[in-house]
A.B. asks: 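One structure is given below, represented as structure tokens, and several questions about it will come after.
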Amino acid sequence: MLGECAMYWGKTSMTPRRIKEIIGGTDGTDHERTLRPVYNEQGLLTALSDTENGYESPEGYMPRVVTQYDISYVYDDKGNWTQAVITMNGKTYETLRRTITYY
């Protein structure tokens with residue numbers, strides 16, 4: 001259950017620089033999760049650090065978890081991305097491909 005969410009913006013950017021959530025469990029326990037996105041000059045997401053702080057739960061202590069996502073792009077000759085490779089903690093997680101038809 002989401003308890004609270006705050007987004008922090010860059011001074012000259014329309015993209016969030018940090019997203020902080022306070023997640024409320026059904027058992028009354030709360031814990032914090034912070035997302036830190038990184039964007040390239042085209043405004044595309046290139047990295048995301050996902051940190052979930054440790055917390056006590058009915059199952060016992062849940063340790064801090066940090067997940068790092070990185071995204072690399074392949075561009076066509078017009079500068080649009082046609083492939084995005086997403087890695088999670090250094091291992092390929094997903095590859096997205098798109099076809100653009102120009103008229």
Side-chain angles (χ1 to χ4, degrees):
M1 175 193 311
L2 180 64
E4 177 183 330
C5 182
M7 297 179 87
Y8 301 90
W9 303 86
K11 290 182 181 179
T12 60
S13 175
M14 294 302 294
T15 52
R17 296 296 172 200
R18 184 166 49 111
I19 303 162
K20 182 177 171 182
E21 297 176 313
I22 304 297
I23 303 168
T26 55
D27 60 355
T29 60
D30 291 344
H31 64 283
E32 184 178 290
R33 179 180 183 200
T34 303
L35 303 171
R36 286 188 166 78
V38 176
Y39 305 92
N40 66 13
E41 57 278 350
Q42 289 101 342
L44 297 174
L45 184 66
T46 57
L48 180 68
S49 175
D50 182 351
T51 304
E52 194 163 343
N53 288 344
Y55 62 97
E56 289 292 336
S57 78
E59 294 83 28
Y61 182 75
M62 304 302 285
R64 180 176 192 248
V65 175
V66 178
T67 305
Q68 178 65 39
Y69 297 94
D70 294 292
I71 306 167
S72 61
Y73 297 93
V74 174
Y75 298 92
D76 65 11
D77 58 352
K78 296 194 182 289
N80 295 304
W81 72 267
T82 56
Q83 180 175 299
V85 178
I86 304 165
T87 60
M88 182 174 68
N89 297 329
K91 296 181 181 177
T92 300
Y93 176 74
E94 185 174 5
T95 300
L96 305 171
R97 291 179 180 83
R98 69 179 187 172
T99 302
I100 301 172
T101 304
Y102 298 101
Y103 295 95

A.B. asks: Is a side-chain donor or acceptor of Thr46 paired with a backbone partner of Val38 at a separation under 3.5 angstrom?
C.D. replies: yes
A.B. asks: If you look only at distance, which donor and acceptor atoms sit under 3.5 Å apart when one is on a side chain in residues 92-99 and the other is two or more places apart or in another chain?
C.D. replies:
unit_1: Arg97; atom_1: NE; unit_2: Gln83; atom_2: OE1; d: 3.4
unit_1: Arg98; atom_1: NE; unit_2: Trp81; atom_2: O; d: 2.7
unit_1: Arg98; atom_1: NH2; unit_2: Trp81; atom_2: O; d: 3.4

A.B. asks: Donor-acceptor pair, Asn89 side chain versus Gln68 backbone, under 3.5 Å?
C.D. replies: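 Present.
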A.B. asks: Quick one, Leu35 and Arg33 - any side-chain contact, counting heavy atoms below 4.5 Å?
C.D. replies: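 Of all side-chain heavy-atom pairs linking Arg33 with Leu35, at least one is under 4.5 Å.
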A.B. asks: Does Leu44 belong to the same Ile/Leu/Val/Met/Phe/Trp/Tyr cluster as Met88, with side-chain heavy atoms less than 4.5 Å apart forming each link?
C.D. replies: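 Shared cluster, yes.
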A.B. asks: For Asn40, which residues count as a side-chain hydrogen bond (donor to acceptor under 3.5 Å, both in side chains) partner, sequence neighbours excluded?
C.D. replies: Gln42, Tyr75
A.B. asks: To the nearest 0.5 Å, what is the distance between CG (Asp70) and NZ (Lys91)?
C.D. replies: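 Rounded to the nearest 0.5 Å, the CG-NZ separation comes to 14.5 Å.
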A.B. asks: Run the side-chain hydrogen bond (donor to acceptor under 3.5 Å, both in side chains) test against Tyr102 and tell me which residues pass, sequence neighbours left out.
C.D. replies: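 Testing Tyr102 for side-chain hydrogen bond (donor to acceptor under 3.5 Å, both in side chains), a comparison that skips the adjacent residues, returns Asp76, Asn80.
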A.B. asks: To the nearest 0.5 Å, how far apart are CG in Leu48 and CD1 in Ile71?
C.D. replies: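 Taking CG in Leu48 and CD1 in Ile71, the distance rounds to 7.5 Å.
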A.B. asks: Quick check for you: to the nearest 0.5 Å, what is the distance between Tyr73 atom OH and Ile86 atom CD1?
C.D. replies: 7.5 Å
